[in-house]
Amino acid sequence: MMAPKARTVPLTQVEIRDQFWEPRLQTNRRITLPHLFEQLEQAGNISNLRLAAEGKREGYQGPVYMDSDLYKAMEAAAYVLALHPDDPIRQKLDEVIDILERAQTPEGYLNSYFQVVAPEKRWSNLRDWHELYCAGHLFEAAVAHYEATGSDRLLKIAIRYADYIDSVFGDAPGKRMGYCGHPEIELALIRLCRATHEQRYLELARFFLVNRGRKFFAQEHHIPPDQYDGSIWQDNVPLAEHKEIVGHAVRAAYLFAGTTDLVAETGDETLLRMLLRVWDNTVNRRTYITGGIGNEAKHEGFTRDYELPNRTAYQETCASIALIFWAHRMGLLLGEARFFDALERALYNAALAGIALSGNRFFYVNPLESDGTHHRRAWYSCACCPPNIARLLASLGSYLYAQNKDALWINLYVESRVQVELGGHRVRLEVLTEYPWRGIVHVAVRPEAPTRFELHLRLPGWCENPTLKLNGAPIAITPERGYAVLRREWREGDRVELHLPMEPRLMEAHPQVEADRWQVAIQRGPLIYCLEGCDQSVPLHRLAIRTGNSLETRWEPGLLNGVMVVEGDALALPDEADWGETLYRPLQPRKPTRFRAIPYYAWDNREPCPMRVWMPAL
């Protein structure tokens, strides 16, 4: 069996003290979570379950998958309680758990839509009606709540439902074929297996995964096989035969995240080879520079290689988060920094843009260009993204570090303290950094006794010339899987300094990315920048960046909660007013001007105005 290279260090062992992230986590806790539960009450997500608990058959509000958004918010609340046990959100969580206990049927089934609206249609449309998807989010919330609080009330609900689902689906006589049109339950079942040590849940996840691609949905919907294209649901080919990422972006990344978990548990080399093929296709041909995925709106997913439009980019917040989940699992499985590079890019850019600085407005769609009319909203009729970004932020501490019995990985550079056990001893690390604004990372190692272990420090792919010091003395870096690795007996007082030069750079896209030809984007460290019209002296559509001139950075503490801006030289087209009625004329000189760029995550937090990531270059 293939053992994972590393396992995540739980967020309860991590204390974040970071100037970039800690304020966001506090906003998530104090503003976002109460806002979520208020909206979930108003939209009907909670009241639907009350109706189910009361045995009612009318009054349901919203689409069939309403339960899932509540479960994601409950998972976020559980992570908050793990670090803040006395947070007022506990009372709301207990209230909802009480409703769920009363709503669950004696056999274990729990889904407000099918209990209130259509009990006779249970499991009749697995492709579209999200029953197993909703169950998966319940399982994830239950495990998070159990690990955070020690209470098994929600876990018992999840176990009863999982046992019921296991009695319905599977290979054994009396069970039926099927899998969910929206993958998610697969990774959730494996998470439930790890929490309860019940192997049946792993086997059920395997059943859902390995049968995908049998084109079950064609049979379910009476579609002739020769007329069926199941790619939107990743049902087009058997799981092990995928060569590229296809279909709905969130579904795809959840599917491959669950498959990665299965590989971690079983060591299936065939599935691992598939995952690596699809990963390479995803990051090398179908990912935006911001780290997000999903280029088109019709199917909320993918079209073809290198088709990455900017103004019509879909780049759903949930898809960026799903990619983070998949990247995290691949990084733990294989111990390779490139997966955390992708995670970091999506985290700091595409995902973080999904929530306003205020914490109570959200993007569903994240374009890379706007005419000034695309804005965040307080809520959506399909409200999958707001609770998803909340659970990601609330669990951030679990993404920073990983370990095995004799090694510790630092995967994200966030000012924090962590305590782990290595070599039979407790070891504390203190990481001091102003990342992502500055690329200097100080690591203080504090073992309770001299302890031999490996310390792996990720060398970000965006950094060309990192340098390293140990106790003040420079040491050579020989990268191993994208990490600088220090092997030694560590003692109290040992210090490591990692320097990651962080200069702004102009980036260009592969020539086959038609939308970005002859254009440039700005990157500094892990951050992608954009230009907003309100910062420029001329309209964005008249600006072109001068490529031969240097870029400058300046810290602006009063702008957008504090950001490092990038400024440089540009050329401006003549004012349209100078043209009069002339349609064509000889080329006129371009006027020199300056531009200012801000981090992409921070756009649309001021007055409405146009925005662009990719700019013409001269």
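Please read these numbers as outputs of a predicted model, since none were measured by experiment. Reckoned from all heavy atoms, side chains included, excluding hydrogens, waters and symmetry mates.
With hydrogens and angles left out, the side-chain atoms of Glu75 and Tyr71 include no donor and acceptor closer than 3.5 Å. His221 and Asn125 form a side-chain donor-acceptor contact under 3.5 Å, judged by distance and modelled atom types alone. Defined by atom type and a distance below 3.5 Å, a donor-acceptor pair is missing between the side-chain atoms of Ser416 and Asp18. Using a 3.5 Å distance cut-off with no hydrogens or angles, the side chains of Glu300 and Tyr314 do pair a donor with an acceptor. For the residue pair Asp163/Tyr201, the side-chain donor-acceptor check at 3.5 Å is satisfied. Between the side chains of His456 and Glu454, at least one donor N or O sits under 3.5 Å from an acceptor N or O. Side-chain contact, Tyr254 with Gln234: no donor N or O sits under 3.5 Å from an acceptor N or O.
Nearest heavy-atom pair, Met74 versus Ala141, reported as atom, atom and distance to 0.1 Å: CB-CB, 4.2 Å. In terms of heavy-atom proximity, Leu189 sits nearest to Ala162 at CD2-CB, 4.4 Å. Shown here for Asp171 and Asn211, the closest heavy-atom pair between the two residues is OD1-ND2, 4.3 Å. Looking at every heavy atom in both residues, Asn349 comes nearest to Pro526 through ND2-O, 2.9 Å. For the pair Val64 and Trp129, the tightest heavy-atom approach, listed with the atom from each and the gap, is CG2-O, 3.7 Å. Scanning all heavy atoms of the two residues, the minimum distance from Thr287 to Gly292 falls at CG2-O, 3.5 Å.
For the pair Gln61/Asn45, no side-chain contact is recorded, criterion being any heavy-atom separation below 4.5 Å from C-beta on. By the 4.5 Å heavy-atom criterion applied to side chains, Leu93 and Leu154 are not counted as neighbours. Side-chain contact between Thr259 and Glu186 is absent, with no heavy atoms from C-beta onward closer than 4.5 Å. By the 4.5 Å heavy-atom criterion applied to side chains, Leu100 and Tyr161 are not counted as neighbours. Between Arg127 and Phe216, the closest side-chain pair of non-hydrogen atoms is not below 4.5 Å.
Ring geometry for Trp409 versus Tyr483: interplanar angle over 60°, hence perpendicular rather than tilted (30 to 60°). In this pair, Tyr164 and Tyr109 present their aromatic rings perpendicular. The plane angle is above 60°, beyond the 30 to 60° band. Between His328 and Tyr399, the two ring planes are tilted [angle within 30° to 60°].
We find the CD-SG distance between Glu265 and Cys193 to be 6.0 Å, quoted to the nearest 0.5 Å.
Within the 3.5 Å criterion, the main-chain N or O of Gln419 finds a donor-acceptor partner in the side chain of Gln13. Within the 3.5 Å criterion, the main-chain N or O of Lys56 finds no donor-acceptor partner in the side chain of Glu54. Of the possible donor and acceptor atoms, one in the side chain of Thr32 sits under 3.5 Å from a partner among the backbone N and O of Gly359. Proximity of a side-chain donor or acceptor of Asn404 to a complementary backbone N or O of Ala6 within less than 3.5 Å is not detected.
Two rings, from Tyr65 and His130, have their centers less than 6.0 Å apart. For Tyr113 and Tyr60, the gap between ring centers is short of 6.0 Å. Between Trp279 and Phe339, the ring centre distance stays below 6.0 Å. Centroid-to-centroid, the aromatic rings of Tyr380 and Phe362 stay 6.0 Å apart or farther. Proximity of the aromatic rings of Trp233 and Tyr179 is defined here by a centroid distance below 6.0 angstrom, and this criterion is not met.
The list of salt bridge (Lys or Arg N to Asp or Glu O under 4.0 Å) pairs with a residue in residues 147-161, not counting sequence neighbours, reads Glu101-Arg153, Asp152-Lys156.
Heavy-atom neighbours of Arg377 CZ from other residues, nucleotides or ligands within 6.0 Å: at or below the threshold of 12.
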